[in-house]
Amino acid sequence: MLRLRQYKPGDAETIISWCRDEESFRKWTSDRYDSFPITAEDMNRKYIDNNGDCEEADNFYPMTAFDENGIVGHLILRYMDAAKTHIRFGFVIVSDQRRGQGYGKKMLQLALDYAFNIFGAEKVSLGVFDNNPPAINCYKAAGFVPYDEREIEFFGEKWKCIEMQVLRENS
């Protein structure tokens, strides 16, 4: 049975091991880290010491998905507005050993339930690059729909980022 819990510093080593090359790393982190590869210490510095780069103290919630076999996935939740009605998911990743088996969809459903029913959000959004079809399909399966696009440059190329959302009334 898949469950979510608060991220622990000891999770970092496992989570960062799922990105074996810089392209997959950028699909996961976008431009939120300056260099690749990162260490567990880099991840914990961002999450623990720097509150996920969020200025507000009560705004950043890293979560780890796990089952009876260990860590399966990871994502963060953060508020996007002062009224605390819009939550953004970020750093969404599933173990490279478990992808394509429904773990991502289930993790997102658990996180959506948390966002809507614990945090009281009215909207949850995320961004995904169009060169990541498995992630797009996972997000759609969890109920996310596209609503906007933007571009970010990596490796001298422009990557299209698709903004997706789920509204409370549609969940």
Side-chain angles (χ1 to χ4, degrees), residues 2-7 15-16 18-19 21-33 36 43 46-47 51-56 59-66 71-96 98-155 157-171:
L2 192 66
R3 295 179 286 170
L4 282 179
R5 63 164 168 74
Q6 184 176 356
Y7 168 88
I15 294 165
I16 65 171
W18 299 333
C19 288
D21 59 66
E22 189 168 5
E23 183 175 336
S24 64
F25 177 74
R26 291 298 167 202
K27 287 178 182 177
W28 173 49
T29 66
S30 185
D31 58 358
R32 300 299 178 197
Y33 285 93
F36 170 83
M43 187 172 184
K46 180 178 281 297
Y47 281 21
N51 193 43
D53 298 331
C54 294
E55 291 181 20
E56 302 82 8
N59 194 37
F60 181 74
Y61 304 92
M63 306 293 282
T64 298
F66 68 101
I71 297 173
V72 173
H74 168 73
L75 78 164
I76 63 107
L77 292 76
R78 66 183 167 98
Y79 287 111
M80 297 298 292
D81 61 339
K84 297 193 173 193
T85 61
H86 177 189
I87 288 180
R88 183 149 180 104
F89 289 175
F91 296 120
V92 179
I93 192 168
V94 172
S95 163
D96 51 352
R98 304 282 190 94
R99 292 181 190 151
Q101 300 174 35
Y103 286 95
K105 176 183 174 185
K106 181 64 177 165
M107 178 178 72
L108 289 163
Q109 289 170 330
L110 290 170
L112 284 166
D113 183 58
Y114 202 89
F116 290 131
N117 296 315
I118 303 296
F119 285 154
E122 295 298 321
K123 171 183 172 176
V124 176
S125 67
L126 55 76
V128 61
F129 292 112
D130 70 341
N131 62 359
N132 194 351
I136 294 168
N137 292 336
C138 177
Y139 299 147
K140 285 181 178 178
F144 285 86
V145 295
Y147 72 95
D148 201 5
E149 295 178 357
R150 58 191 168 92
E151 288 186 342
I152 299 177
E153 189 168 322
F154 291 112
F155 313 113
E157 304 171 350
K158 294 210 184 273
W159 287 15
K160 182 168 50 169
C161 181
I162 302 166
E163 294 293 323
M164 301 180 82
Q165 67 183 4
V166 175
L167 303 177
R168 175 189 282 279
E169 65 223 28
N170 297 332
S171 65

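Counting begins at 1 with the first residue of the sequence.
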Taking atom [atom1] of [X] as the centre, does the number of heavy atoms from other residues, nucleotides or ligands within less than 6.0 Å exceed 12?
X: K84; atom1: NZ; answer: yes
X: R5; atom1: CZ; answer: yes
X: E55; atom1: CD; answer: no

Review point. When you check the gap from the basic side-chain N to the acidic O, do K46 and D53 get nearer than 4.0 Å?
Key: yes

Practice item. Flag the pair R168 and E122 as a salt bridge only when some basic side-chain nitrogen lies within less than 4.0 angstrom of an acidic carboxylate oxygen. Key: yes

Review point. Do any N or O atoms from the side chain of K140 and from the backbone of A135 form a donor-acceptor pair under 3.5 angstrom?
Key: no

Review point. Residues in side chain to side chain contact (heavy atoms under 4.5 Å, CB included) with R3, at least two apart?
Key: M1, F66

Review point. Got a sec, which residues hit side chain to side chain contact (heavy atoms under 4.5 Å, CB included) with C161, two or more places apart in sequence or on another chain?
Key: F129, R150, E163

Practice item. Give a yes/no verdict on a cation-pi contact between R78 and F60, requiring under 6.0 Å between NZ or CZ and the six-membered ring centre and an angle within 45° of the axis. Key: no

Check your understanding: Which is it for K158 and E153 under the salt bridge (Lys or Arg N to Asp or Glu O under 4.0 Å) test, yes or no, and what are the steps along the way?
Key -> CA-CA 4 Å; K158 294 210 184 273; E153 189 168 322; 3.8 Å; yes

Point to revise | Stepwise side chain to side chain contact (heavy atoms under 4.5 Å, CB included) check, V92 with W28 | key: CA-CA 7 Å; V92 179; W28 173 49; 5.7 Å; no

Are [X] and [Y] packed together at the side-chain level, in the sense that at least one heavy-atom pair is separated by less than 4.5 angstrom?
X: S125; Y: F144; answer: no
X: Y139; Y: I162; answer: no
X: W159; Y: E151; answer: no

Review point. So T29 and F36, side chain to side chain contact (heavy atoms under 4.5 Å, CB included) or not? Walk me through it.
Key: CA-CA 10 Å; T29 66; F36 170 83; over 6 Å; no

Review point. Do Y7 and Y61 have ring centroids that are under 6.0 Å from one another?
Key: no

Practice item. May I have the step-by-step check of side chain to side chain contact (heavy atoms under 4.5 Å, CB included) for F154 and E22, ending in yes or no? Key: CA-CA 10 Å; F154 291 112; E22 189 168 5; over 6 Å; no

Practice item. With rounding to the nearest 0.5 Å, note down the distance linking CD1 in I87 to CG in L77. Key: 5.5 Å

Exercise for review: Assess whether ring pair (Phe, Tyr, Trp, His ring centres under 6.0 Å) is satisfied between Y79 and H86, documenting all intermediate values.
Suggested key: CA-CA 6 Å; Y79 287 111; H86 177 189; 9.6 Å; no

